[in-house]
2 protein chains.
Amino acid sequence: MNTPRKHAIRPATLEAIVEAAVRVLNANAGATMSEIAVQAGVGRATLHRHFRTRDDLVSAIGIRCVEEMNAAVRAQATAGQPAVDRLRSMFRAVIPLGDRYSFLGTDYTDDPKVREGYRTQLHWAEALVEDLKDQGDVARDVPSPWVVAQIDQLVWTAWNAIAEGYLSVNEATDLAVRTLTEGLR
Amino acid sequence: MNTPRKHAIRPATLEAIVEAAVRVLNANAGATMSEIAVQAGVGRATLHRHFRTRDDLVSAIGIRCVEEMNAAVRAQATAGQPAVDRLRSMFRAVIPLGDRYSFLGTDYTDDPKVREGYRTQLHWAEALVEDLKDQGDVARDVPSPWVVAQIDQLVWTAWNAIAEGYLSVNEATDLAVRTLTEGLR
DNA sequence: CAAATATGAGACACTAATGTCTCATTTACC
DNA sequence: GGTAAATGAGACATTAGTGTCTCATATTTG
């Protein structure tokens, strides 16, 4: 029987836990189960019922975040477009998830699924950079890891700008593309 | 009497502790006093002798790092030069300290001295950005916080590139300036 | 409404880290 | 070389977090 009869989780409870965990762990990687429980508005025991150990919870959050990112990218991945447009689409999709993203950097999990998802993103980015170079949007003499790192950082910078309220999503997206290709001059 | 008679610290011991703490805390913000002691090659008790609590140690490291950064910037700050050259000098001085720098982001201390040092850096960067705009190296329509964030991120990216061995300090510095002003096209 | 079950609250044992202390040993300095 | 002080090693109490369990309550489902 695949359906557990006891302690199935209520959707609302799961939602509350996951959202709180993302938020709290993002603010403080060393956050405690109690803090997460309080922020989620559930009992600490409920956390342990559905995520037996703290590591289980962190892993689950990691998997969820990385899958969200990949899903967002995949949803925007239209093959025919020019590379710059795909870059813009990618930024557009990923920037609003900046908070989920930063979690992955800080609280790195050793979970193989997270690692795999991360590798998927990396390959995606590398392929995109290659296309950008092919189309002359990025100079050939710039090392690809530098470009990938720059894209990564721009997502974070853009999300921050939005969070701090001085740019809209669209403005931040455009500025990210512009910063990468043309620079700020 | 300002000179403590008992438990003055030996320069070599202090050096070992500080270096180990920077290294270890950078790799893992939640590192334990034991880990730091082991890495420093000193007894755990010695750590507590000179830094009564863990917070004291973290604060001290934070202060030291931020002061190192400010000193490096100050040493390079020649007033007469064009803004771009000052940007390059700043990168040149700060990039090799990337590991000290990243510590400040992760393991944020509430210590007022750290905050103050951080603010100093921020003002410095803001003034530089203003000059860059005046001289046409950065477009006026780009929000200054974006530029400052970009500079910050570039320091980290450049340090990473050096740490991973695919760029030299000079190459990374040049590429950082180029990325900021001209972009990667 | 009634039965089933997910949740909340709290008690509990266990572990890991912190911070204090003592004492023997090593190091620096005169 | 001798003295004073810094260090290392380890014992110790204390604290904070984890993970388990139980039982009463709230919620869903039929």
Side-chain angles (χ1 to χ4, degrees), chain A residues 1-63 103 106-111, chain B residues 1-62 64 103 106-111:
Chain A
M1 245 184 280
N2 278 337
T3 329
R5 239 203 295 277
K6 297 221 167 196
H7 294 305
I9 193 167
R10 284 181 196 152
T13 306
L14 177 61
E15 183 65 13
I17 291 175
V18 170
E19 283 309 305
V22 170
R23 189 159 21 93
V24 173
L25 287 173
N26 224 7
N28 168 20
T32 175
M33 293 295 266
S34 293
E35 292 177 59
I36 298 172
V38 170
Q39 284 297 316
V42 305
R44 192 171 65 91
T46 304
L47 251 61
H48 282 288
R49 252 180 227 120
H50 302 298
F51 304 93
R52 215 164 54 97
T53 72
R54 189 181 182 281
D55 279 354
D56 285 351
L57 176 57
V58 174
S59 285
I61 299 299
I63 292 171
F103 164 80
T106 319
D107 225 328
Y108 81 96
T109 18
D110 290 335
D111 190 288
Chain B
M1 241 187 281
N2 278 336
T3 329
R5 239 203 297 276
K6 296 220 168 195
H7 295 305
I9 193 167
R10 285 182 194 150
T13 306
L14 178 60
E15 183 66 13
I17 291 175
V18 170
E19 284 307 306
V22 169
R23 189 159 20 94
V24 173
L25 287 173
N26 223 7
N28 168 20
T32 175
M33 292 295 265
S34 293
E35 293 177 58
I36 297 172
V38 169
Q39 284 296 317
V42 305
R44 192 171 65 92
T46 303
L47 250 61
H48 282 287
R49 261 192 276 269
H50 303 297
F51 305 93
R52 213 166 53 95
T53 72
R54 188 181 183 282
D55 279 353
D56 285 350
L57 176 57
V58 174
S59 285
I61 299 299
R64 179 165 172 135
F103 165 79
T106 319
D107 226 327
Y108 80 96
T109 20
D110 289 336
D111 190 288

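The shown structure was predicted, so the numbers you read here are calculated from the model rather than taken from an experiment. We name chains A, B, ... by the order of the sequence lines, and we start the count at 1 in each one.
- In this structure, the separation between CG on N26(A) and CD1 on I61(A) is 10.5 Å, given to the nearest 0.5 Å.
- Taking atom CD1 on I36(A) and atom P on dG17(D), their separation rounds to 12 Å, with Å as the unit.
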Pairs under 3.5 Å (N/O, protein and nucleotides 17-26 of chain C):
from    : atom 1 : to     : atom 2 : distance (Å)
dT18(C) : OP1    : R54(B) : NE     : 3.4
dT18(C) : OP2    : T32(B) : OG1    : 2.7
dT18(C) : OP2    : M33(B) : N      : 3.1
dG19(C) : OP2    : R54(B) : N      : 2.8
dG19(C) : N7     : R44(B) : NH1    : 3.1
dG19(C) : O6     : R44(B) : NH2    : 2.9
dT20(C) : OP1    : R52(B) : NH1    : 3.0

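- Side chains of E35(A) and N28(A) form a contact here, defined as non-hydrogen atoms less than 4.5 Å apart.
- Put simply, the side chain of L57(B) reaches to within 4.5 Å of the side chain of M33(B), judged on heavy atoms.
- Under the side chain to side chain contact (heavy atoms under 4.5 Å, CB included) criterion, S59(A) pairs with T109(A), D111(A), sequence neighbours left out.
- Scored by the salt bridge (charged side-chain N to carboxylate O under 4.0 Å, His left out) test, R64(B) finds E15(B), E68(B) as partners (sequence neighbours excluded).
- Distances shown here put a side-chain N or O of T46(A) below 4.0 Å from the OP1 or OP2 atom of dG8(C).
- Contacts between residues 14-24 of chain B and DNA chain C, counted as heavy-atom distances below 4.0 Å, involve no residue at all.
- Note that CD1 of I17(A) is 5.5 Å distant from NE2 of H50(A), once rounded to the nearest 0.5 Å.
- D56(B) pairs by the side chain to side chain contact (heavy atoms under 4.5 Å, CB included) definition with F51(B), R52(B), T53(B), not counting sequence neighbours.
- Note on residues 19-29 of chain B: pairs passing salt bridge (charged side-chain N to carboxylate O under 4.0 Å, His left out), not counting sequence neighbours, are E19(B)-R100(B).
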